2 protein chains.
Amino acid sequence: MSERQPTEYYSNPSHVNAAKTITDALNQVRTLIVVGECTIKYQGRASSELGSGERIIFIKEDGSFLVHRAWDSQPVNWQPPGCIFQTKSTKRGVLLKAIRKKPRESIEILFSKVFIILVLNLRDEAEFIMFGSEEDMQRAVLAKPELIEEGFKPILKEKVVDQGFVDVYGVDNQGRILAIELKRRKAQVQDVVQLLKYLEDIKRKSAGKPVRGMLAAPSISKEASVMIQTKGLEFKTLSPKTCAEVLKLTSSKKITEFI
Amino acid sequence: MSERQPTEYYSNPSHVNAAKTITDALNQVRTLIVVGECTIKYQGRASSELGSGERIIFIKEDGSFLVHRAWDSQPVNWQPPGCIFQTKSTKRGVLLKAIRKKPRESIEILFSKVFIILVLNLRDEAEFIMFGSEEDMQRAVLAKPELIEEGFKPILKEKVVDQGFVDVYGVDNQGRILAIELKRRKAQVQDVVQLLKYLEDIKRKSAGKPVRGMLAAPSISKEASVMIQTKGLEFKTLSPKTCAEVLKLTSSKKITEFI
DNA sequence: GAGTGGATTTCGCAT
DNA sequence: ATGCGAAGTCCACTC
């Protein structure tokens, strides 16, 4: 009987057994879930302390480390992939250290009780596919420029200006330069500032030729809208969902041809 | 025997039992961990698909929802606190929906196999304490202005300028205005731009009086450093760790007195 | 409720 | 490695 065993479960282990089980799981590069009562200290880019309480910790195959409480979608403490672990059983409980170098950081967890250890061996080959990013919007506009307006001809994706890029850059049906800043979310003041900065560079380099600046986003904040008016810029409603649908139709995630 | 039972464990439940167990746990507002083979679809601000694979899902007491794979510190799909759940057993497996309104979003998980269900009732009253935030740096400078330079006298915390704030604002030992932008991480070009914008407002309002602009951060990028030089600004090395230590000494998290 | 800026942001890409 | 900007950013705070 050689069927793979994706899960192992340990309930209320002694400190010694908990430490051993965790160490073994880490050596075998398993995904690990530990539930128990613990205190936590973090030292690194910042520092933090958390007194005793019951929490869930996660260690993943890539060395990611997460501490979750019973609420909040974000972990209360964590360490990015690639960190190194030390486990031992001490008089005060099970000590688990997660250490990262560069920057030097460490999380120390002391379990006074371990309720549960889950050792997982997960099979997961599927590819994650996302639609509707800002990059997708860019691709959609390049594939179908009339999303912006009739007669618009993109020239370059991401034209370089001093410090930074314009998302889409082209010429309108009257030959004027049209620089477009895309946002996948509601446009804010900061986005208008960004566009203005780019336009400055473009105008400086285009020797007085007429230049239009456009912000394209699903919606715009009141403040940003006022600023658009004041500065003689334009706003075009364009949602990531629309763009995602255009991409599905043209079925091209490739943009090399446009560059 | 009335001892609280912090954990319940169910192994390889039938689809019907899994759906029932999950529903019950949600009704009792328990933290829930489910491990199983599933496919996932997300529709909302963006959209995503993930084919069949073995994953871990988390539901917390506040209605946070997380889907984790065996790698990556970030969840592959998630829903913020406050979302609503629907569970049912279908012919194809256990269906779990997490729905959020405003913005309207949904995640649908279809489990073809459920390996494990953990129902947790976690007790956690401890307060989380963090040191070394940008706000802590501000407090430290106000409590001990010589962190910036001898003779510096802060005037106001967060002096209001058009659009935004200066982190610290005061007068140096020669009576010149000194506006300081604090960063807890390596300073970037964008931070210099920010400071310049603030300085513009301050200069406009200070009728030609001399104004110094300073960026205080643990380090600075080369580009930002060049810009600092070019624009006649200053850079001061100041780390969040130093500031945290100062705060511990003065033992004052309060800043009201300075405002 | 909308708007704004920090975050132990994280993450990916380009230099 | 460093620098820079997007993110389904999240999050807290202000207006």
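Here is how names work: the chains are called A, B, and so on, in the same order as the sequence lines, proteins then strands, and each is numbered from 1. As the structure is a prediction and not an experimental result, all values here were calculated from the model.
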### Task
Classify the nucleic acid contact of B/Q188 as base, sugar-phosphate or nothing, counting any heavy atom under 4.0 Å across all strands shown.
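The residue B/Q188 makes base contact.
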### Task
May I ask you to say what A/Q79 touches in the nucleic acid, namely base, sugar-phosphate or nothing, with a heavy-atom cut-off under 4.0 Å?
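No contact.
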### Toward the 5' end of DNA chain C, by each residue's nearest nucleotide, A/Q190 or B/R184
A/Q190
### Message
Go nucleotide by nucleotide along DNA chain C from the 5' end; which of B/S73 and A/K222 gets its closest nucleotide reached first?
### Response
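Comparing both residues, the 5'-ward one is A/K222.
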Would the distance check show the side chain of [X] and the main-chain N or O of [Y] forming a donor-acceptor pair, the cut-off being under 3.5 Å?
{"X": "B/Q138", "Y": "B/D167", "result": "yes"}
{"X": "A/T242", "Y": "A/L238", "result": "no"}
{"X": "B/K60", "Y": "A/S73", "result": "no"}
{"X": "A/D201", "Y": "A/Y198", "result": "no"}
{"X": "A/E54", "Y": "A/V35", "result": "no"}
{"X": "A/R45", "Y": "A/E105", "result": "no"}

Specify the separation, in whole Å, of atom [atom1] of [X] and atom [atom2] of [N].
{"X": "A/R185", "N": "D/dA6", "atom1": "CZ", "atom2": "C1'", "result": "8 Å"}
{"X": "A/Q194", "N": "D/dG5", "atom1": "CD", "atom2": "C1'", "result": "8 Å"}
{"X": "A/K197", "N": "D/dG5", "atom1": "NZ", "atom2": "C1'", "result": "11 Å"}
{"X": "B/D191", "N": "D/dG5", "atom1": "CG", "atom2": "P", "result": "10 Å"}
{"X": "B/M130", "N": "C/dA7", "atom1": "CE", "atom2": "C1'", "result": "8 Å"}
{"X": "B/K186", "N": "C/dA7", "atom1": "NZ", "atom2": "C1'", "result": "18 Å"}
{"X": "A/N77", "N": "C/dT10", "atom1": "CG", "atom2": "C1'", "result": "16 Å"}
{"X": "A/W78", "N": "C/dT9", "atom1": "CH2", "atom2": "C1'", "result": "7 Å"}

### Task
Name the closest nucleotide to the A/S221 side chain, picking from C/dG3, C/dT9, D/dG8.
C/dG3
#### Entry: Side chain of A/E134 (C-beta onward), nearest among C/dT8, D/dA7, C/dC11
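Of C/dT8, D/dA7, C/dC11, D/dA7 is nearest to the side chain of A/E134.
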### Message
Does this structure show an ion pair linking B/E234 with B/K236, if we count only N-O contacts that are shorter than 4.0 Å?
### Response
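No.
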### Query
Where does the angle between the aromatic ring planes of A/H68 and B/F58 fall among parallel (under 30°), tilted (30 to 60°) and perpendicular (over 60°)?
tilted
### Message
Taking the C1' atom in each of D/dC10 and D/dA6, what is the distance between them to the nearest angstrom?
### Response
14 Å
### Query
Can you tell me how far C1' in D/dT14 sits from the matching atom in C/dT8, rounded to whole Å?
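Comparing C1' positions in D/dT14 and C/dT8 gives a spacing of 25 Å.
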### Summary
Per nearest nucleotide of DNA chain D, the residue lying toward the 5' end, A/D72 or A/L182, is A/L182
### Task
Could you pull out all residues at least two apart from B/S52 that satisfy side-chain hydrogen bond (donor to acceptor under 3.5 Å, both in side chains)?
none
### Summary
Residues in residues 29-52 of chain B with a heavy atom under 4.0 Å of DNA chain C, by number, are none
### Task
May I ask you to list the residues of residues 97-108 of chain B, by number, that have any heavy atom positioned under 4.0 Å from an atom of DNA chain D?
B/E105
### Task
Could you tell me whether the phosphate oxygens of D/dA6, OP1 or OP2, come under 4.0 Å of any side-chain nitrogen or oxygen in A/K183?
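Result: yes.
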#### Entry: Contact check, side chains of A/L215 and A/L233, non-hydrogen atoms, under 4.5 Å
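The answer is no; the side chains never approach within 4.5 Å.
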